[in-house]
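Here is the structure we will look at, set down as structure tokens.
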Protein chains: 2
Amino acid sequence: MGAPRYLEIKNRLLEEIEKQPPNSPILSERELAIQYGASRMTVRRAVDELVVEGFLYRNGNKGTFVAARNTIKKNTATGSILAEEPESTMIYFNIKKIPEIAPFLDILEDEAILRIVRVNHIGERLLSVEEIYYVRSLISDDDINDLKHLLDLNGFVKQGTITQRFVPMLLPAHYATQLELAPGTPIIMVESLIRSRSGVPVIYVKTYNNPYENAIEITY
Amino acid sequence: MGAPRYLEIKNRLLEEIEKQPPNSPILSERELAIQYGASRMTVRRAVDELVVEGFLYRNGNKGTFVAARNTIKKNTATGSILAEEPESTMIYFNIKKIPEIAPFLDILEDEAILRIVRVNHIGERLLSVEEIYYVRSLISDDDINDLKHLLDLNGFVKQGTITQRFVPMLLPAHYATQLELAPGTPIIMVESLIRSRSGVPVIYVKTYNNPYENAIEITY
DNA sequence: TAGTGGTCTAGACCACGGG
DNA sequence: CCGTGGTCTAGACCACTAA
């Protein structure tokens, strides 16, 4: 049951890091190993992950240091897909053939697709309108009756990969009312294709982002 | 001199992977360790990286498998910054105070900034126009006389972090001619801020992307 | 010279899944 | 049951850097 040792150490380190000012050195890996009663390799794994995530940085053979907060790696491009905060309101859903979408999901044009349209918002702030397309045959009947479960795209992404295309366009009139914006406002529409681990397309999403409420920002 | 053992193994595995069809299993970590005459931990490190990069995927306790090519992790958002292919043609450069840009670089409004404007292209295909801003005081005089060296942003990024904001807008008239597009075309302008490892802003870039030649696509 | 991160070894135990 | 990946140990040697 217990979490792995390196994750426990990682979390404890994270607490320490938050108390320290940027560019201050942390203990050496050997010292940390003694402090936490673990081997150096285990401690190193925890530190490695914190470096990859941007909380720490290493400087040659001089040591490991606390990074500035603005170097922590973030990604709002996945928007409502991976973020936990926004609420969603479903506008409608249906099941039918959608020939234009079928190629993205790698299915025949006459196969059924489940389409859900929703608005993502945080309180009064309207972030985006989202069209979500599922291959009907990959969805169980139980899931159809419990759409809430389906709408948590997070779980799907964790299991596979996500490819996103950023498309500049003018906001279509029918979504302008949903987002309370002028039709023709320049926006970024994000096409997301979620694949299983083995590369099979599972979900296709089009997100129409409100540029005033939902800035897309990525730190690598 | 020699590359680390795990990198050598990684590259050899990569060659094997390319010959195998998707979803075929690779040898177990223990078998690979014997085959390459290395410890299991060393082999595992090679496999780990290939999994992170999307070339392989693991399936519970069943084994490790070759991933479909479309799950390989890519990123064209960094565009000309990280890609090697495009050629660049400098349009002009100057050194002066630019009060609007100074805040991004975390300097005073009356500090000098080096500004370079260039067009990125592959042959006849016009990909983007790029405005690059450097803090003058961080650049040596030698570099000013050898701008080519400065224009290789790749090296800067490797040393630190990059934060990108994606901004939808209409193509400004003065760049429309450069990209041979109609002014007012909806485009994505990417603001990139490159920081050193310790979090100090070093370079600020605005990239005006030609949507017809330069699709922005990311696979995580 | 002493300490750092980077790499590597040769074992070990665990939980889990398929015969 | 046995084989898989996931984790962990207690050492080791190296290149590099700062004192």
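Within every chain, numbering begins at 1; the chains are lettered A, B, ... in the order of the sequence lines, protein sequences first and strands thereafter.
- Residue A:Tyr6 contributes atom OH, which lies 13 Å from atom P of D:dT9 at whole-angstrom precision.
- The CZ atom of B:Arg5 sits 8 Å away from the P atom of C:dC8 (whole-angstrom rounding).
- A donor and an acceptor atom, one from each side chain of B:Thr207 and B:Glu130, are located under 3.5 Å apart.
- In this structure, NZ of B:Lys62 is placed 10 Å from P of C:dG19, rounded to the nearest angstrom.
- In this entry the distance linking CZ of B:Phe65 with P of D:dT4 reads 11 Å, nearest Å.
- Between the P atom of C:dC8 and the CZ atom of A:Arg45 lies a distance of 17 Å, rounded to the nearest Å.
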If pairs are Watson-Crick or G-U with both distances under 3.5 Å, what is the dot-bracket string of DNA chain D, marking crossing pairs with [ ] and pairs to another strand with |? ||||||||||||||||||.

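- Taking a 4.0 Å limit (strictly below) on heavy-atom distances, residues 22-41 of chain A reaches DNA chain C at A:Ser28, A:Glu29, A:Arg30, A:Glu31, A:Arg40, A:Met41.
- In summary, the side chains of B:Asn214 and B:Tyr208 do not present any donor paired with an acceptor at a separation below 3.5 Å, with no hydrogens or angles considered.
- For A:Thr42, no side-chain nitrogen or oxygen approaches OP1 or OP2 of D:dT7 to under 4.0 Å.
- The distance from atom NZ of B:Lys10 to atom P of C:dC8 is 13 Å, rounded to the nearest whole Å.
- Between B:Thr161 and A:Thr71, the side chains place no donor N or O within less than 3.5 Å of an acceptor N or O (distance only, hydrogens not considered).
- For the pair A:Lys206 (side chain) and A:Ile132 (backbone), a donor-acceptor distance under 3.5 Å is absent.
- Between the side chains of B:Tyr220 and B:Asn75, not a single donor N or O lies within less than 3.5 Å of an accepting N or O.
- For the 3.5 Å distance criterion, the side chains of A:Glu8 and A:Tyr6 fail to qualify, holding no donor opposite an acceptor.
- Of the residues A:Val205, A:Ile216, A:Val167, the one that meets the side-chain contact (heavy atoms from CB on, under 4.5 Å) test with A:Val190 is A:Ile216.
- For B:Asn61 and D:dT4, the CG to P distance is 11 Å, given to the nearest whole Å.
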What do the steps show when you test B:Ile218 against B:Thr76 for side-chain contact (heavy atoms from CB on, under 4.5 Å), and what is the final call? CA-CA 6 Å; B:Ile218 306 181; B:Thr76 66; 5.7 Å; no

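- Between the side chains of B:Ser128 and B:Asn210, no donor N or O sits under 3.5 Å from an acceptor N or O.
- The CG-P distance, from A:Asp48 to D:dC8, rounds to 14 Å in whole Å.
- Proximity of B:Thr64 to the phosphate of D:dG5: a side-chain N or O atom is located under 4.0 Å from OP1 or OP2.
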